[in-house]
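Reading through the structure tokens given below for one structure.
Order of listing sets the numbers, starting from 1, for every ligand and every atom in it.
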Amino acid sequence: MTTTAIPEIDDSRAAAAGLEPRTQLFIDGSFRDALGGARYTTENPATGRPLAEIALGGPADVDAAVAAARRAADDGRWSRVSPGDRKRILVRWADLIEAKGAELGLLETLDAGKPIADTVGLDVPETATCIRWHAEAADKLYGQVAPSPEGTVATITREPCGVVGAVIPWNYPAQMAAWKLGPALATGNTVVIKPASTTSLSLLRMAELASEAGLPDGVLNVVTGPGDAVGEAIGRHPDVDCVAFTGSTEVGRRFLTYAAETNLKRVLLELGGKSPQLVFPDATDLASIASNVASAVFWNMGENCSAGSRLIVHRSIKDRLLEAVSAELASWPVGDPLDPATRIGALINRGHMERVLGYIDAGRREGARVVTGGERILEETGGYFVPPTVFDGVRNDMTIAREEIFGPVLSVIEFDTEAEAVALANDTPYGLAASLYTDDLNVAHRVARDLKAGVVGVNAYSEGDMTTPFGGYKLSGFGGHDKSVHAHDQYTETKTIWITLKPAP
Ligand code: NAP
Ligand code: MG
């Protein structure tokens, strides 16, 4: 196996850790260059400097990876392994991921600009938890026996789809991989996965660890490279049976076209959001609500599909809540993602930062008022830093309230009545997550029921845990749910076997 050292590693702590990131495609159990031999350079978003040279895959590499995955699916080297043995291998993989938490967290931070406290403290442990949870379910899920007539037996069982394609984003590179790989592998599929081209390092290392854990060759294949080449080739491949995508609604739509124009593969889409956070006038403890509100929108720099980017607050408490949010922001330091105290790191790249700043300009132009933030900072580092930005006086028809910004920008919108709050919350093309704060059980139940969103938090911004499905209404999703046993359903086909019994002689 060949590896490439980070050529211009720009932080002494990272260099001291002796990182040797994997930068090649991972196909049929080994690392290899792209067929064309080409590479592209990624950068560290916190410095704007080169980070690694990654293999530039293309459609021919996807063909090779799918062929390996197809062979592995067809000969049953994984699907016919007993569920208990599949579980053991995947649990071992989760254990290895956890054991390599410091290394994987560092790779993730260098690649994505995410705070090291998050990558080491949350992302990597959650990645291991996700794989372990699905693995442990592998030998605990049963089929059904249908209530068929006397003289017959009918079973309803689940079988793996076969070859699963996965195309994932850059905001939670390791975790999004695990959300797809955990259930797809636990249910016996083989996989070809494409990381976002900006963030390939953690997944490549995870693939290597999977082999070490005993995953047979060809079961997990990673093809790095750009979406319009590698992603489209996966989406259109006639030998891919199912494709799972997380990313923008715009690209998600394309996967439906790819499937429609080729083999009608199953398409699972987890897309964007413009999630509301509703605060009712009876809610007490504004400091704790402010802390939740800030986490919901500013965690991961707001690069979060379920970011609570619209704060819909009762007019009578708006000023007090905004003061509490401003006070809360004192505990959200922005800066070097490698500093353990940092809570807001760098945005993923220059283009995305400019897009976020463009939205901030649009907010100002359309008459909203910046309470805090609003400008690029730490420019001298070369990194792409935008501080938490809060807009007051937002109307729900302004651009910043309608479009997914995917950055640290909160729009504050006032309401007077419960009906108005619900109408504002639902007046969006998205429907991923929502949260509401109230001490009134009646308001909680009524509003939670009325919100058109896949995940509703009451007095919490939580997305739930591994036991709960995650997916959205409207433009936020299509075809299935990540996490929980619902994710097992989406990577399996339902099979009926109907048996007619011969009468006793
Ligand atoms: P994106 O374009 O949707 O990228 C997501 C994944 O799809 C990446 O792996 C990307 O590859 C791939 N891809 C891109 N174009 C493709 C195509 N034509 N066919 C197949 N695959 C393709 O998202 P983005 O450009 O990174 O970000 C744009 C916006 O999407 C963000 O600002 C945000 O609003 C939203 N977004 C949402 C989520 C989410 O979790 N829901 C995550 C990320 C972004 P490459 O990036 O390697 O080209
Ligand atoms: Mg894109």
Which atoms of ligand 1 sit under 4.0 Å from any heavy atom of [X]?
X	answer
Phe255	20 (C), 21 (N)
Tyr258	17 (C), 18 (N), 19 (N), 20 (C)
Val167	6 (C), 7 (O), 9 (O), 12 (C)
Glu232	19 (N), 20 (C)
Pro169	42 (C), 43 (C)
Gly225	47 (O)
Thr246	5 (C), 39 (C), 40 (O)

Self-check item: Candidate list Leu90, Asn189, Thr127, Val191, test side chain to side chain contact (heavy atoms under 4.5 Å, CB included), partner Leu181, passing option
Solution: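 That would be Val191; it is the only one of Leu90, Asn189, Thr127, Val191 passing the side chain to side chain contact (heavy atoms under 4.5 Å, CB included) with Leu181.
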Quiz item: Of the options Asn221, Leu25, Asp33, which is the one that meets Asp61 in a side chain to side chain contact (heavy atoms under 4.5 Å, CB included)?
Solution: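 Result: among Asn221, Leu25, Asp33, Leu25 is the only option passing the side chain to side chain contact (heavy atoms under 4.5 Å, CB included) with Asp61.
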Under 4.0 Å, counting heavy atoms only: does [X] come that close to any atom of ligand 1?
X	value
Ser476	no
His352	yes
Arg355	yes
Gly235	no
Tyr172	no

Exercise. Kindly confirm or rule out an N or O of Gly227 lying under 3.5 angstrom from an N or O of ligand 1.
Key: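 Right, the criterion is met.
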Quiz item: Purely on distance, is any nitrogen or oxygen of Gly247 under 3.5 Å from one on ligand 1?
Solution: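 Gly247 vs ligand 1: N/O contact under 3.5 Å present.
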Exercise. Evaluate side chain to side chain contact (heavy atoms under 4.5 Å, CB included) for Lys100 paired with Leu209, printing each intermediate quantity in order.
Key: CA-CA 9 Å; Lys100 300 288 180 191; Leu209 295 174; 4.0 Å; yes
Check ion pair [X]-[Y] (N to O, under 4.0 angstrom):
X	Y	value
Arg266	Glu493	yes
Asp118	Arg343	no
Arg132	Glu98	yes
Asp427	Arg402	yes
Asp241	Lys265	no
Glu375	Arg364	yes

Record the part of [X] in heavy-atom contact with ligand 1 below 4.0 Å; permitted values are side chain, backbone, both and neither.
X	value
Ile168	backbone
Glu303	neither
Leu271	backbone

Practice problem: Pick out which of Tyr461, Trp332, Tyr172 makes a ring pair (Phe, Tyr, Trp, His ring centres under 6.0 Å) with Trp299. | Solution: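 Going through Tyr461, Trp332, Tyr172 one by one, the ring pair (Phe, Tyr, Trp, His ring centres under 6.0 Å) with Trp299 is satisfied by Tyr172 alone.
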Quiz item: Quick check: are there more than 12 heavy atoms from other residues, nucleotides or ligands sitting under 6.0 Å from CZ of Phe478?
Solution: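 For Phe478, atom CZ is not crowded (no more than 12 foreign heavy atoms under 6.0 Å).
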Quiz item: atom 45 (P) of ligand 1: which of Ser197, Pro195, Gly302 has the nearest heavy atom?
Solution: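 Looking at heavy atoms only, the winner is Ser197.
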Practice problem: Would you indicate which of Trp170, Phe406, Tyr40 comes nearest to atom 27 (O) of ligand 1 when only heavy atoms are counted? | Solution: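 That would be Trp170.
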Exercise. Check whether any side-chain heavy atom of Phe470 sits under 4.5 Å from a side-chain heavy atom of Leu432, and report yes or no.
Key: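 SC-SC contact between Phe470 and Leu432 confirmed.
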